[in-house]
Peer 1: 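I have a structure I would like to understand better, so I am pasting it below and will then ask my questions one at a time.
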Amino acid sequence: MNASELRGAAHGLPQAQPSAAASSMGSSVGALLAGLKAKSTVLFVDQSGQLGGAEFSLLPLAQAFAARGAVLLLSDGPFRERLASLGVNVSVASEARVSGISKEALRFRWLFALPAIVRQVRAIAEAAKRYDVLFLNTQKALVLGALGKPLHRRPVIWHLHDIMSTDHFGSMQLLAVKFIARHLVDHVVANSRASAQSLASLTGIPLAAIPVVHNGIDTHAFANVDSADPGTLRRRLGLPEDAWLAGLFGRLAPWKGQHIAIAALPRLPDVHLVLVGAALFGEDDYAQRLRRQALRLGVADRVHFAGFRDDMAAWMKAMDVILHTSTEPEPFGRVIIEGMAAGRPVIAAGAGGVKEIVRHRQNGWLVAPGDRRALVDAIETLRAAPELAQRLAEQALIDTQRYFSLDVYVEQMTRAIGCVSP
Ligand code: UDP
């Protein structure tokens, strides 16, 4: 299957979808794996030991390839344990100097880290030589893994999880990605049409050569949480039983816009906000600022900081509404399909990949990113019209099962790996 065939098969709204395929996925993934170019082996590389969206999307893929693949992480953390618990062969090759390079500091820091960068390029190349295909899952993994191509000589597939624009990245990084994507990567798979479009604009690579595979999630895990008695569920989670709860899920980071949701609270006197997630990538200042903001606005008693949680399904099902408030275009937004799978109405910032998931007033509610007033109005509207909220949630659940299933995702990604298998 070539890239454009894969693009045609990629799932997501509003393309026509292979609902028939969804019902027989478990076996078809197995068949695909069995047929994959005489059992090609795959090394997956991810820069993070933390659990973000890119890492959650790698988990099921690495698990599907557990018998013929391994994961190399460039930092240690809970992601390693999670992979190991799924039976995935995982190792860590970390270099503190390289891990410390942030998007913002990229311009100068990399010069000081040059020896460590060379070591890491070599380490990845050495590991890659033991596999047929090198699968790079994050930006740093892309740079370090692809630069070693003259050493490892393996086909490189890059899973793009970002919108490659100046909103998210510095000009140096964009330049590096432009060169690498054009000259050192054999195949790119994007997590949304928005991400694919941004890469096509940056590099001049034709859009048709960048297939899109939307994330998939285990919808059964959400169906299995019993929320028939919301009071019991909320008690178990330590949440107020009788309050009207708006939940916002994701790491605490300025562009995820938790401050917009807190700023909306003074106009929503009966609403409590539950923030689930932690500052994963050094954004502790922002986490502190959120607490101060809540105090300053006199809403601290209605903001619940839950920290990082593993049981998303339970937390989401305990909510009356689920918010997504990113101020920049979201590359995809797993939390949105999770909220939909939890059968809860979702209000989301309508930019980037989100518009490939949420159809306004049909399976959710879109507001302009960063627009506090629009967020207040949306919450008030759904609160005042529970039957409308229920209708949106029901359609959202149907759409998630149809378009964002885990099996379809793993099948499409396996096909993409098949595109570069020797
Ligand atoms: N997540 C989690 N526990 C938390 C907060 C977030 O497991 O406390 C998960 C969430 O369920 C989702 C992922 O982290 O699967 C975040 O992915 P998303 O695409 O929304 O954002 P990203 O991290 O990629 O920017």
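Along the sequence shown, residues are numbered consecutively beginning with 1. Just so you know, ligand 1 is whichever comes first in the structure, and atom 1 is the first atom listed for that ligand.
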Peer 1: Pick one of side chain, backbone, both or neither for how Arg334 approaches ligand 1, counting any non-hydrogen atom pair under 4.0 Å.
Peer 2: both
Peer 1: Closest non-hydrogen protein atom to atom 9 (C) of ligand 1, residue and atom name please, with distance?
Peer 2: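 Answer, as residue, atom name and distance: Phe56 CE1, 3.4 Å.
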Peer 1: Which ligand 1 atoms are under 4.0 Å away from a heavy-atom of Arg309?
Peer 2: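 Near Arg309, the atoms of ligand 1 are 2 (C), 3 (N), 4 (C), 7 (O), 8 (O).
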Peer 1: Would one find an N or O of Glu338, backbone or side chain, under 3.5 Å from an N or O of ligand 1?
Peer 2: yes
Peer 1: Quick one: which ligand 1 atoms are inside 4.0 Å of a heavy atom on Lys256?
Peer 2: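 Result: 21 (O), 22 (P), 25 (O).
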Peer 1: Pair up each side-chain donor or acceptor in residues 297-304 with any protein partner under 3.5 Å, not counting sequence neighbours, and list the distances.
Peer 2:
from   : atom 1 : to     : atom 2 : distance (Å)
Arg302 : NH1    : Leu268 : O      : 2.8
Arg302 : NH1    : Val271 : O      : 2.7
Arg302 : NH2    : Leu265 : O      : 3.2
His304 : NE2    : His272 : ND1    : 2.9

Peer 1: What protein heavy atom is closest to atom 17 (O) of ligand 1, reported as residue, atom name and distance in Å?
Peer 2: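 Of every protein heavy atom, Gly53 CA, 3.2 Å lies nearest to atom 17 (O) of ligand 1.
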Peer 1: Below 4.0 Å from any atom of ligand 1, is there a heavy atom belonging to Phe332?
Peer 2: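 In this structure, Phe332 fails to qualify as a contact of ligand 1 - no heavy atom is under 4.0 Å.
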Peer 1: Which atoms from ligand 1 have a heavy atom of Gly277 less than 4.0 Å away?
Peer 2: 5 (C), 8 (O)
Peer 1: Between Arg234 and Asp229, does any NZ, NE, NH1 or NH2 come within less than 4.0 Å of an OD or OE carboxylate oxygen?
Peer 2: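 So Asp229 does not pair with Arg234 through a salt bridge.
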Peer 1: Using the test salt bridge (Lys or Arg N to Asp or Glu O under 4.0 Å), find all partners of Arg373 that sit at least two apart in sequence or belong to another chain.
Peer 2: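 Not a single residue meets the salt bridge (Lys or Arg N to Asp or Glu O under 4.0 Å) criterion with Arg373.
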Peer 1: Measure the CD-OG distance between Gln120 and Ser94 for me, rounded to the nearest 0.5 Å.
Peer 2: 7.5 Å
Peer 1: Near Gly52, which atoms of ligand 1 are under 4.0 Å from a heavy atom of that residue?
Peer 2: 23 (O)
Peer 1: Hey, is Phe308 touching ligand 1 through its side chain, its backbone, both or neither, going by heavy atoms under 4.0 Å?
Peer 2: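 For Phe308, the contact with ligand 1 is made by both the backbone and the side chain.
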Peer 1: Would you please indicate if the ring centroids of Phe44 and Phe65 are separated by under 6.0 Å?
Peer 2: yes
Peer 1: Compute whether any side-chain donor of one residue and acceptor of the other, for Glu328 and His168, lie under 3.5 angstrom apart.
Peer 2: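 No donor-acceptor contact under 3.5 Å links the two side chains.
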Peer 1: Between Tyr403 and His214 (judged by ring centroids, cut-off 6.0 Å), do the two rings come close enough to count as a pair?
Peer 2: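 Here the rings of His214 and Tyr403 have centres that are no less than 6.0 Å from each other.
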Peer 1: Would Arg291 pass as a cation-pi partner of Phe305, given that its NZ or CZ must be under 6.0 Å from the six-membered ring centre and within 45 degrees of the axis?
Peer 2: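 Yes, Arg291 and Phe305 form such a contact.
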Peer 1: Considering both backbone and side-chain atoms of Asp310, is one of its nitrogen or oxygen atoms within less than 3.5 Å of a nitrogen or oxygen in ligand 1?
Peer 2: no
Peer 1: Counting only nitrogen or oxygen atoms and a 3.5 angstrom limit, does Val335 reach ligand 1?
Peer 2: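 There is such a contact, yes.
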